[in-house]
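Beneath this line is the structure, given in structure tokens, with notes to follow.
Proteins come first, then strands; the chains are lettered A, B, ... in the order of their sequence lines, and each starts at number 1. Because the structure is predicted, anything quoted here is derived from the model rather than measured.
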There are 2 protein chains.
Amino acid sequence: MGGPLPRDPIADAQRNWERRGWGEVAAPMAAITAVMRTQQILLGRIEEVLRPFGLTFARYELLALLGFARGGELPMSRASALLQVHPTSVTNAVDRLQDAGLVERSPHPTDGRTTLVGITAEGRALVERATAALNSGVFAQSGFTDDDVEQLIRVLHGFRRRAGDFTDDP
Amino acid sequence: MGGPLPRDPIADAQRNWERRGWGEVAAPMAAITAVMRTQQILLGRIEEVLRPFGLTFARYELLALLGFARGGELPMSRASALLQVHPTSVTNAVDRLQDAGLVERSPHPTDGRTTLVGITAEGRALVERATAALNSGVFAQSGFTDDDVEQLIRVLHGFRRRAGDFTDDP
DNA sequence: GAAATATACTAGGACGTCCAATGGTCCGCC
DNA sequence: GGCGGACCATTGGACGTCCTAGTATATTTC
């Protein structure tokens with residue numbers, strides 16, 4: 001998509017902000033823009049590793065969540081809440097995973113409104129292999145030092161808690 | 001999209017990773033997942049602030065870039081490189097901004113392959129107001145402390161440089 | 001017990017992103 | 001001078017995300 005630039009475009013933007021008299025918010029702007037770009041880079045790497053498995057990150061996340069769930073199944077709404085995405089995104093992902101035979105829908109035994117999603121044996125086998133690939137291909141060579149990882153987890157945990165993602169303290 | 005959870009789902013995922021014997025990569029996994037979620041939260045806030053202006057973040061970024069460019073115009077390929085997005089994304093954004101009368105396409109004077117995008121007076125006026133709204137509505141209340149911002153900028157700058165985004169040192 | 005409200009999922013549409021392929025233009029090299 | 005490779009922008013398609021609206025089922029309220 002284009003080779004490296006001679007200068008960091010985000011640092012340039014920060015200087016532009018300061019030059020315009022917005023020095024007060026230039027640093028937060030740069031930090032937020034850097035989060036955006038970092039997410040883009042990481043997502044690109046992840047999708048590249050998952051492509052051979054026929055998975056996208058969204059589908060992988062759902063599959064992995066189900067793999068950890070007791071009984072291997074969850075209500076759609078619960079998956080939406082845990083993955084922090086819109087319910088329609090879950091419907092979309094389940095549609096495609098179901099077409100691939102990796103998950104199955106089933107009615108909730110007592111609540112007629114609820115649909116359960118369960119991982120199939122095939123789904124379980126695939127997510128095992130995909131996880132191994134992600135662990136070795138992305139997470140084990142994340143490009144972050146141990147200190148970086150510790151700081152990111154701490155800073156972003158606090159941010160997400162203040163943003164209302166969850167309520168616990170640790 | 002759903003209220004706060006009682007527990008941090010990313011911390012839970014990290015524990016699941018450790019329990020499965022992937023402790024070596026559990027922390028980087030959690031850090032990367034936290035970056036993903038943080039980006040999602042921030043993008044949501046930004047889009048919310050920009051909606052009244054009829055702008056999305058992608059279009060705003062292009063407009064802001066042109067506002068800082070000398071002469072208020074850039075080749076499409078240069079915009080793609082600086083914004084670090086695929087050329088087709090720039091084509092898409094320019095199409096819509098042009099329909100709104102905020103930018104204009106013009107042929108490059110000497111290179112017949114390149115198309116220049118220039119911001120219009122109307123575009124300049126709008127991006128001024130949108131920037132003020134973002135500064136006060138998002139960047140000035142980012143949810144990050146000054147220390148957080150300093151650490152994010154440092155850590156993510158290093159990451160992006162190692163990922164090949166740019167080559168300079170600072 | 002019936003009406004009003006709340007919850008769960010799905011359908012359709014807008015948007016941004018990327019990829020693969022296309023047609024036009026430039027440039028170095030023979 | 002021409003020829004082939006490199007570069008530029010666009011088109012068409014796939015995907016994920018969100019929003020709005022709609023249908024069906026539960027729960028609450030009177």
Side-chain angles (χ1 to χ4, degrees), chain A residues 1-3 36-37 39-63 74-100 103 105-117, chain B residues 1-3 36-37 39-48 50-63 74-81 83-100 103 105-117:
Chain A
M1 196 162 39
M36 301 286 176
R37 174 56 184 157
Q39 187 267 354
Q40 187 184 24
I41 293 169
L42 289 170
L43 182 59
R45 289 186 191 172
I46 290 171
E47 299 276 11
E48 188 182 337
V49 169
L50 290 178
R51 191 167 305 128
F53 299 98
L55 291 174
T56 63
F57 188 47
R59 298 179 211 170
Y60 168 80
E61 274 195 301
L62 178 54
L63 221 47
L74 287 173
M76 305 270 289
S77 55
R78 182 91 183 121
S80 167
L82 291 173
L83 295 176
Q84 321 244 212
V85 295
H86 203 274
T88 54
S89 297
V90 175
T91 296
N92 186 339
V94 170
D95 284 348
R96 299 171 193 282
L97 287 171
Q98 194 168 32
D99 287 347
V103 305
R105 268 182 247 243
S106 58
H108 190 286
T110 66
D111 189 334
R113 297 169 299 180
T114 305
T115 301
L116 297 175
V117 207
Chain B
M1 196 162 42
M36 300 285 176
R37 174 57 184 156
Q39 186 266 355
Q40 187 184 21
I41 293 168
L42 290 169
L43 182 59
R45 290 186 191 170
I46 291 171
E47 299 275 12
E48 188 182 339
L50 291 178
R51 193 168 303 128
F53 299 97
L55 291 176
T56 63
F57 187 47
R59 298 179 211 171
Y60 167 79
E61 275 195 299
L62 179 54
L63 221 47
L74 288 173
M76 305 272 289
S77 55
R78 180 91 184 124
S80 167
L83 296 175
Q84 320 245 213
V85 295
H86 203 273
T88 55
S89 297
V90 176
T91 297
N92 187 339
V94 170
D95 284 349
R96 300 172 193 280
L97 288 171
Q98 194 168 32
D99 288 346
V103 304
R105 269 182 248 243
S106 59
H108 190 284
T110 66
D111 190 334
R113 296 169 299 179
T114 53
T115 302
L116 297 175
V117 207

Any side-chain heavy-atom pair of [X] and [Y] under 4.5 Å:
X: A:T88; Y: A:N92; value: no
X: A:V103; Y: A:L63; value: yes
X: A:R105; Y: A:L116; value: no

What's [X] touching, base or sugar-phosphate or nothing? Going by heavy atoms closer than 4.0 Å.
X: B:R78; value: nothing
X: B:T91; value: base
X: B:T110; value: sugar-phosphate
X: B:R59; value: sugar-phosphate
X: B:Q40; value: sugar-phosphate
X: B:R51; value: nothing

Starting from [atom2] on [N], measure out to [atom1] on [X] and report it in whole angstrom.
X: B:H86; N: C:dA20; atom1: NE2; atom2: C1'; answer: 9 Å
X: A:H108; N: D:dA26; atom1: NE2; atom2: P; answer: 10 Å
X: B:F57; N: C:dA14; atom1: CZ; atom2: C1'; answer: 19 Å

base_contact_polar (D:dC19 base, A:T88 side chain, donor-acceptor, <3.5 Å):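 Side chain to base: pair present.
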
With A:V90, the side-chain contact (heavy atoms from CB on, under 4.5 Å) member among A:P75, A:S80, A:S77: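 Going through the options one by one, the only one that passes is A:S80.
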
A:R113 or A:P87, whichever maps to the more 5' nucleotide of DNA chain D: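 Residue closer to the 5' terminus by nearest nucleotide: A:P87.
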
Residue mapping more 5' on DNA chain D - nearest nucleotide basis, A:V85 or A:D111: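 It is A:V85 whose nearest nucleotide is closer to the 5' end.
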
